[in-house]
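Report on one structure; see the data block that follows.
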Number of protein chains: 2
Amino acid sequence: MTVVTLARLAGVSHSTVSRALNGDPRISSATRERITAIAIDQGYMPDALARTLSGGRSGLIGLVLGPVENPFYISMLQEVVAQAAVRGLRPLILHLGAGSAEEDTLRALHQYRVDGCLVTSAQLSSDIADLCGRRGVPVVMLNRVTRLHASSVSSDNIAGAEQMAHFLLSEGHRSFAFVGTDTASSTAQEREEGFCRALSTAGFGVTRFSGQSSSWLGGFAAGEEIASLPQDARPHAIFAVSDIMALGVIDALRRHGLRVPEDVSVAGFDDIAEASRPTYNLSTIAQPLVTMVQRGMDLLLARIRNPDLPHETVLLRGRLVARGTTRPRMIQDKL
Amino acid sequence: MTVVTLARLAGVSHSTVSRALNGDPRISSATRERITAIAIDQGYMPDALARTLSGGRSGLIGLVLGPVENPFYISMLQEVVAQAAVRGLRPLILHLGAGSAEEDTLRALHQYRVDGCLVTSAQLSSDIADLCGRRGVPVVMLNRVTRLHASSVSSDNIAGAEQMAHFLLSEGHRSFAFVGTDTASSTAQEREEGFCRALSTAGFGVTRFSGQSSSWLGGFAAGEEIASLPQDARPHAIFAVSDIMALGVIDALRRHGLRVPEDVSVAGFDDIAEASRPTYNLSTIAQPLVTMVQRGMDLLLARIRNPDLPHETVLLRGRLVARGTTRPRMIQDKL
DNA sequence: TTGAAAGCGTTACCAC
DNA sequence: GTGGTAACGCTTTCAA
């Protein structure tokens, strides 16, 4: 079932079929309706490849995803897939997981004529953005920033971290720790910066702990370190760079007999699904995931339609979600 | 940079270029080397779309993934992406998450000329397999079985569950519970069947508990129910249909002051990454994930090359991993 | 308002 | 061995 077949069936030329189906205004509505009816009747579907080859768009958007140990990026993937479907786009996975796949990624990008790219990987961001920029393929970074050839949508990490700092201060905490990793992504750096600066302004220092990776295990390791501290050196409140690390911290503290939040308050960033499990009930900064993906797609689509649009950086405000892992410190101070 | 451009550069026809690059034995090695050198020099990459249109394979494999609340399927995705890359295939996400997307999925399947399909969704399995079968697109189900138009690779759920039953018996447990969901997938059904049958043969019954969904929350709900049982009605050992549910069960039990494994033994199935966290250290049946994906891809590739191959069902044996959430019951019997 | 023809980048079938 | 030509299914000038 192709345009040619349909044309024969309708007794017109295949050009007419193409025009009718693509809503060309020059086709009479009588002809259009007749052709459309036949097309539906025959279950016709235009071949995306042929259409692309003939100079159109592929409808493919390349996805570059970082390590999936952090559930936040899974939710992101889920949301991207859902919203892509709504807009009639198909997500082609270019890369997933740690490690760089420059060559491979680039090849697919080119060979399949990907219309645009969505990138959420820390490591790859700059490289990929650069490669795409050279190829004239629009790129939008989700939750990552780069100065090169790309637009980006992220939550305001600095503001969010500051907000958390003020919240913890307002709860009466007076000694603080930050849990992150050594290899800091832009996102992680901003969160640390925002947190430390806000506290520094208020006259407080922040002890830094770091795990190997931005994962539960990394958080757990940091948590064990904190738990082994003498009581008077133990921070009142711990802010982890991500929820997944915060959960690791909590598990480590509890394992060592410390109660959260009675002995130590812990907070994270992201608001992943696990954070609201009753066993954690983690206080955190919720990222506006749906909006992030929405705006990201909008940006990408706009740039696909008009590649000359200037790069844009969208910053979305997160929302403080005060749950059960943080609580006012006064009570304990009085003890 | 196309075959035509290269042809001009090399002073030959574009047919010759195509042949040289595709290893046609009729091309003299002198010509071949010259053309290859120019191609590399110019950074030429064949256009996958044009190639497909001209009757070749697209190199695209459709991915249909079920709900991603279960981390096992994330690992699976990761492995599929990695292995697809090795074989020069690109994974096109046709569907991800709950809910059926028949129409949409089918459209993409057809429009992008997907070479084959990998399906891991419980709900969609039969529909999709059917649709693909009609279109002549080979399908391989991973961890799912269907009788229609498809091959499948799964772990031997029945044998695995039986193995777990015997293991728990050998540890001295004498009362058992199974935790699953109401809407049972083929996988879940088999695991329940294997577990119950093995125990029934040994003369023991199994109490069934079920949560809403096959997720942490589902397990947690079941765990709460179990925890609220009077002590003499409490099972010695609990087998959950999946690790993610088992973790929920454990968290619920602990929340109610019960110790695992001192008071109750808990085991799961899958061996997801979370299972080996020191805070859980879950006993489970490990699915041979890498092999599963490997065999699945092999099957798919074989069927793409030769669509007339008969359907095949591969059953892979899982491995019992005895960790810390199960332990011999003798000690307690003596108390 | 419609039809004919060219072109997108490849591969494949025939000649030479 | 190699070159011309057709074909894949579609969109898009250019004519009429």
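Throughout, protein chains are lettered first and strands after them, A, B, ... in sequence-line order, and every chain is numbered starting at 1. From a predicted model like this one, the values you see are computed outputs, not experimental measurements.
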task: Please tell me which of B:Gly11 and A:Val4 maps to the more 5' nucleotide of DNA chain D, matching each residue to the nucleotide holding its nearest heavy atom.
output: B:Gly11

query: Between B:Ser28 and B:Ala50, who's closer to the 5' end of DNA chain D by nearest nucleotide?
result: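 Nearest-nucleotide comparison on DNA chain D picks B:Ser28.
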
query: For residues A:Glu312 and A:Ser151, is any side-chain donor paired with an opposing acceptor at under 3.5 Å?
result: no

Is any side-chain N or O of [X] closer than 4.0 Å to OP1 or OP2 of [N]?
X	N	value
B:Tyr44	C:dT10	yes
A:Arg51	D:dT11	yes
B:Thr16	D:dG3	yes
A:Ser18	D:dG9	no
A:Thr31	C:dT2	yes
A:Ser13	C:dG3	yes

Could you tell me how far apart [X] ([atom1]) and [N] ([atom2]) are, to the nearest whole angstrom?
X	N	atom1	atom2	answer
A:Leu49	C:dT11	CG	P	14 Å
A:Ile27	D:dT12	CD1	C1'	13 Å
B:Ile35	C:dT10	CD1	P	13 Å
B:Tyr112	D:dC10	OH	P	14 Å
A:Asp24	D:dC10	CG	P	17 Å
B:Arg26	C:dC16	CZ	P	16 Å
A:Leu53	D:dT11	CG	P	12 Å
B:Leu6	C:dT10	CG	P	8 Å

- prompt: Does A:His95 reach the main-chain N or O of A:Gly97 with its side chain, forming a donor-acceptor pair under 3.5 Å?
  reply: yes

Please work out if [X] contacts a base, only the sugar-phosphate, or nothing of the nucleic acid, heavy-atom cut-off 4.0 Å.
X	value
A:Arg113	sugar-phosphate
B:Met45	sugar-phosphate
A:Arg57	nothing

Assess whether one donor atom and one acceptor atom, taken from the side chain of [X] and the base of [N], lie less than 3.5 Å apart.
X	N	result
B:Ser15	D:dG4	yes
B:Arg19	D:dG3	yes
A:Ser54	C:dG7	yes

Tell me which one of [options] satisfies side chain to side chain contact (heavy atoms under 4.5 Å, CB included) with [X].
X	options	answer
A:Leu89	A:Leu300, A:Ile61, A:Val80	A:Ile61
B:Cys117	B:Thr105, B:Val140, B:Leu94	B:Leu94
A:Asn143	A:Ser185, A:Ser155, A:Ser152	A:Ser155

task: Select one nucleotide: of C:dT10, D:dC8, D:dC10, the one nearest the side-chain heavy atoms of B:His14.
output: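 Among C:dT10, D:dC8, D:dC10, the one nearest the side chain of B:His14 is C:dT10.
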
message: Regarding B:Asp115 and B:Arg303, does a basic nitrogen lie under 4.0 Å from an acidic carboxylate oxygen?
response: no

